[in-house]
Amino acid sequence: MKRAQFSRPLFPYLLLVPQLSIIAVFFYWPAAEAIRGSFFLEDPFGFGSTFVGFDNYYDAVTGSEYLNTARFTLVFTALVAFFSLALALLLAVKADIVLRGAKTYRTLLMWVYAIAPPVAGLIGILLFDQSIGPITDLAGLFGYELKLGVNYWDTAFAMVLVSVWKQIPINFIFFLAGLQSIPRPVREAAMIDNPSGLSRFFTITFPLLAPTGFFLLIINITYALFDTFGILDILFKGEPANNPITLVYKVFLDGFRGNDLGGSSAQSVILMVLVLVLTVFQFRFMERRVHYN
């Protein structure tokens with residue numbers, strides 16, 4: 001392999017300076033400030049702070065509200081990741097075999113990805129509106145009254161549905177690319193050896209998609225934990241009340257609404273550690289079952 005040669009030894013490091021500066025300013029510095037602030041009881045107006053050690057962490061992990069939020073976040077993340085991946089894979093398999101109108105079909109499935117999370121949340125409010133919402137009207141046909149923002153489970157259902165809808169396109173793109181990268185001779189040999197399409201998918205196609213699936217699993221878990229914030233904030237209309245919330249939204253509520261800067265910093269550090277542990281676990285244990293060909 002031919003290596004790139006630079007006439008000046010410092011030039012490659014200069015090329016890295018813009019990217020490293022962005023990472024330092026928007027990631028390392030806020031992370032360091034969150035860790036520092038988690039050990040203090042801070043005045044919300046910046047007039048002073050008191051060192052309290054690990055009290056903020058203790059109050060967070062022993063509070064019933066935080067534990068209930070953590071349990072809901074776990075269920076919410078699992079549902080969003082599972083249905084986003086499963087539906088996207090189903091659509092990708094169908095799109096892969098479409099011959100006529102394939103470009104139109106794929107475009108209609110991918111355009112949702114261009115919608116910003118707050119806009120997706122606004123569309124969700126329209127879909128679940130008490131007066132004009134089509135999903136609310138559909139539920140009414142079966143004698144059930146959906147109450148977004150009032151009923152705990154109705155709000156949780158809307159959160160999952162809108163979050164899944166927003167994430168399907170990016171999963172679809174990757175799954176479709178993975179399916180189209182499978183060599184045609186492999187597919188033809190599989191069709192000869194195994195006439196059952198369903199059995200052929202789980203024994204041949206699905207294992208070959210394992211690297212793509214593993215990558216998307218990490219992406220979807222991260223999305224459910226963090227990137228759904230914009231959707232949830234719009235769905236709650238700024239008034240979460242007794243509705244279900246996720247850990248990242250609780251950090252926002254406690255920090256910017258409750259003015260508990262130290263407590264919210266401790267919660268953000270806990271969430272950061274949990275994501276780190278989860279990522280290490282996925283790469284150490286789950287990746288062993290993934291085979292890269």
Side-chain angles (χ1 to χ4, degrees), residues 19 22-35 37-38 57 60-61 65-85 88 112-124 155-156 158-171 173-174 213-238 240 243-258 260-261 263-283 286:
Q19 182 65 31
I22 293 175
I23 294 175
V25 172
F26 293 100
F27 179 74
Y28 290 117
W29 181 34
E33 282 296 310
I35 295 174
S38 65
Y57 292 95
V61 299
E65 182 181 359
Y66 185 83
L67 295 178
N68 291 334
T69 302
R71 281 192 287 266
F72 175 78
T73 302
L74 178 63
V75 175
F76 173 78
T77 302
L79 291 176
V80 171
F82 173 78
F83 285 107
S84 297
L85 291 171
V112 180
Y113 182 62
I115 299 177
V119 178
L122 180 60
I123 294 175
T155 307
M159 291 167 56
V160 173
L161 182 64
V162 177
S163 298
V164 168
W165 171 71
K166 175 68 177 68
Q167 185 66 3
I168 284 178
I170 185 64
N171 295 336
I173 295 172
F174 278 95
F214 174 72
F215 166 76
L216 289 177
L217 177 62
I218 298 176
I219 295 299
N220 279 260
I221 290 176
T222 305
Y223 162 78
L225 286 173
F226 297 101
D227 294 344
T228 54
F229 175 87
I231 296 175
L232 305 185
D233 191 41
I234 298 298
L235 286 177
F236 293 144
K237 303 177 183 179
N243 291 315
I245 59 175
T246 59
L247 288 175
V248 68
Y249 198 75
K250 191 176 187 309
V251 172
F252 165 74
L253 291 178
D254 291 349
F256 292 92
R257 298 286 180 85
D260 183 10
L261 300 181
S264 63
S265 296
Q267 293 177 35
S268 64
V269 173
I270 293 173
L271 186 58
M272 182 170 55
V273 172
L274 289 176
V275 173
L276 177 62
V277 172
L278 180 61
T279 304
V280 172
F281 172 80
Q282 288 175 323
F283 276 96
M286 296 186 64

Please name the pair of heavy atoms, one in Ser84 and one in Asn220, separated by the smallest distance, quoted to 0.1 Å.
CB-OD1, 3.4 Å
Can you check whether Ile245 reaches Leu232 side chain to side chain, under 4.5 Å on heavy atoms?
no
Looking only at non-hydrogen atoms, find the nearest pair between Ala60 and Gln267 and report the distance.
CB-CG, 4.2 Å
Applying salt bridge (Lys or Arg N to Asp or Glu O under 4.0 Å), name anything that partners Glu65, two or more places apart in sequence or on another chain.
none
Any donor-acceptor N or O pair under 3.5 Å, side chains Asn243, Thr155
yes
Would Thr228 and Tyr223 count as having a side-chain donor-acceptor pair, cut-off 3.5 Å?
no
Asn171 side, atom CG; Phe83 side, atom CZ - distance, nearest 0.5 Å:
14.0 Å
If you count every heavy atom of other residues, nucleotides or ligands that lies below 6.0 Å from Phe226 atom CZ, does the total exceed 12?
yes
Side-chain donor/acceptor of Ser38 to backbone N/O of Ile35, under 3.5 Å:
yes
Going by the angle between their ring planes, with limits at 30° and 60°, are Phe229 and Tyr249 parallel, tilted or perpendicular?
tilted
Do Leu278 and Ile221 pass the side chain to side chain contact (heavy atoms under 4.5 Å, CB included) test, and can you show the C-alpha distance, the side-chain angles, and the key distance before you say yes or no?
CA-CA 9 Å; Leu278 180 61; Ile221 290 176; 3.5 Å; yes
Are the side chains of Leu225 and Thr246 in touch, meaning some heavy atoms are under 4.5 Å apart?
no
Close side-chain approach of Tyr66 to Leu247, heavy-atom, < 4.5 Å:
yes
Test side chain to side chain contact (heavy atoms under 4.5 Å, CB included) on Leu67 and Arg71 and set out the steps.
CA-CA 6 Å; Leu67 295 178; Arg71 281 192 287 266; 4.2 Å; yes
Value for CD1 (Ile115) from CG (Leu122), rounded to nearest 0.5 Å, stands at 10.5 Å
Do the non-hydrogen side-chain atoms of Val164 and Phe82 ever get within less than 4.5 Å of each other?
no
Would you please test Thr73 and Thr69 for side chain to side chain contact (heavy atoms under 4.5 Å, CB included) and show each step?
CA-CA 6 Å; Thr73 302; Thr69 302; 4.1 Å; yes
Over all atoms of both residues, closest heavy-atom pair of Met272 and Ala31
SD-CB, 4.4 Å
Measure across Val251 and Ser268 and return the closest heavy-atom pair with its distance rounded to 0.1 Å.
CG2-N, 3.9 Å
Main-chain N/O of Leu261 paired with Ser264 side-chain donor or acceptor, under 3.5 Å
yes
Can you give me the closest heavy-atom contact between Ala120 and Lys166, atom names plus distance?
CB-CD, 4.0 Å
Phe76 to Ala224 - nearest heavy-atom pair and separation
CE2-O, 3.5 Å
Kindly determine whether Ile219 and Gln167 satisfy side chain to side chain contact (heavy atoms under 4.5 Å, CB included), including the steps that lead there.
CA-CA 10 Å; Ile219 295 299; Gln167 185 66 3; 4.1 Å; yes
